[in-house]
Amino acid sequence: MTELAALEEPRAREVNARNGDDHGVNLSKLRAVAKRLKTQQDLARELWATGDTAAKLLALLICRPKEFGRDELDAMLRQSRTPKVQDWLVNYVVKKSPHAEELRVAWFADPDPVVASAGWALTTERVAKKPEGLDLTGLLDIIEAQMQAAPDRLQWAMNHCLAQIGIEHAEYRARALDIGERLEVLKDYPTPPNCTSPFAPIWITEMVKRQQP
């Protein structure tokens, strides 16, 4: 914890705060610490238990994803609080867990929009990699009805799912583009040069163009 505190950069904390994150540790330096520590599940659990955001991020880098139980992962998600911790937990740990699909279904239907956003993130992963058994029409129905009024993190996750459906599944592309155009979610999102806009119609069109020979 002392070492993590020494990595604190006030400017980084200021920038992260704009995105809802409450840490100022340079993530490249954090990854270097994780590389040195290697995998240590017991230490990962101890770091997580501190409640400190930087410690939680480090825990997610040095843990063994498959050693967490289903209820443990559910509790960890609800303890995540900040976007970066939730993002790393879902992408680095839950996606590698044997409980991923069970948690996807449970979180997708959770009344807490932050928890539900994790369910949508896991659903987006399936849309891209393992769509068999997913009701893509039903997903588009939910997105069409709820995305515009959804809280920020849930809205972002729904929008990513919308874009992924349009990118990966040509038969649903026209409807995905139409939903994006009508709802205009993230249409005016500030996008740096050389980055793709998160506005679904632009995102879909750009990624499909890149896939073509």
Side-chain angles (χ1 to χ4, degrees), residues 1 3-5 7-8 12 16 19-134 139 151-161 163-164 168 198:
M1 295 303 294
E3 186 175 352
L4 289 177
L7 295 178
E8 177 83 16
N16 290 333
N19 300 318
D21 289 312
D22 60 351
H23 75 92
V25 174
N26 179 296
L27 295 181
S28 296
K29 293 178 181 176
L30 189 76
R31 290 181 188 279
V33 174
K35 190 174 181 181
R36 189 188 78 230
L37 292 172
K38 299 188 171 61
T39 304
Q40 297 190 48
Q41 182 71 359
D42 290 343
L43 178 57
R45 283 195 166 102
E46 288 179 34
L47 286 166
W48 185 272
T50 67
D52 177 79
T53 293
K56 285 182 174 181
L57 292 172
L58 181 58
L60 297 172
L61 293 174
I62 66 170
C63 71
R64 289 190 184 91
K66 293 179 181 177
E67 290 193 15
F68 290 113
R70 180 231 183 264
D71 292 345
E72 191 173 12
L73 289 171
D74 182 71
M76 288 170 74
L77 181 75
R78 295 171 195 279
Q79 295 160 0
S80 292
R81 296 196 333 274
T82 64
K84 182 64 72 178
V85 174
Q86 179 177 330
D87 181 54
W88 281 22
L89 175 65
V90 170
N91 286 295
Y92 297 171
V93 180
V94 179
K95 285 181 181 178
K96 299 174 184 176
S97 165
H99 309 292
E101 179 59 17
E102 185 184 352
L103 289 169
R104 180 190 76 81
V105 174
W107 290 343
F108 188 88
D110 198 278
D112 182 335
V114 173
V115 175
S117 71
W120 276 90
L122 292 171
T123 299
T124 300
E125 172 90 348
R126 274 203 56 190
V127 166
K129 296 184 177 177
K130 195 180 176 184
E132 299 78 15
L134 283 181
L139 288 173
D152 286 353
R153 279 157 77 176
L154 180 56
Q155 183 186 71
W156 188 274
M158 285 182 167
N159 183 71
H160 190 179
C161 190
Q164 206 68 55
E168 301 289 345

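A salt bridge links Arg45 with Glu72: at least one charged nitrogen is closer than 4.0 Å to a carboxylate oxygen. A salt bridge is absent between Glu132 and Arg126; no separation between the charged side-chain nitrogens and carboxylate oxygens falls under 4.0 Å. Of the charged side-chain nitrogens involved, at least one lies within less than 4.0 Å of a carboxylate oxygen, so that Glu3 and Arg36 count as a salt-bridged pair. Taking 4.0 Å as the cut-off between side-chain N and carboxylate O, Asp110 and Arg78 count as a salt-bridged pair.
Side-chain N or O atoms of Asp21 include none that pairs as donor or acceptor with a backbone N or O of His23 at under 3.5 Å. Listed for the Asn16 side chain is a donor-acceptor partner under 3.5 Å among the backbone atoms of Ala12. For the pair Asp87 (side chain) and Pro83 (backbone), a donor-acceptor distance under 3.5 Å is absent. Checking side-chain atoms of Ser97 against main-chain N and O of His99 turns up a donor-acceptor pair under 3.5 Å. Of the possible donor and acceptor atoms, none in the side chain of Lys84 sits under 3.5 Å from a partner among the backbone N and O of Thr53.
With no hydrogens or angles considered, no side-chain donor-acceptor pair links Gln86 and Arg81 at under 3.5 Å. No hydrogens or angles considered: a donor-acceptor pair under 3.5 Å links the side chains of Trp107 and Asp74.
Checked against Leu77 for a side-chain contact (heavy atoms from CB on, under 4.5 Å), the options Val90, Val114, Val94 give a single hit: Val90.
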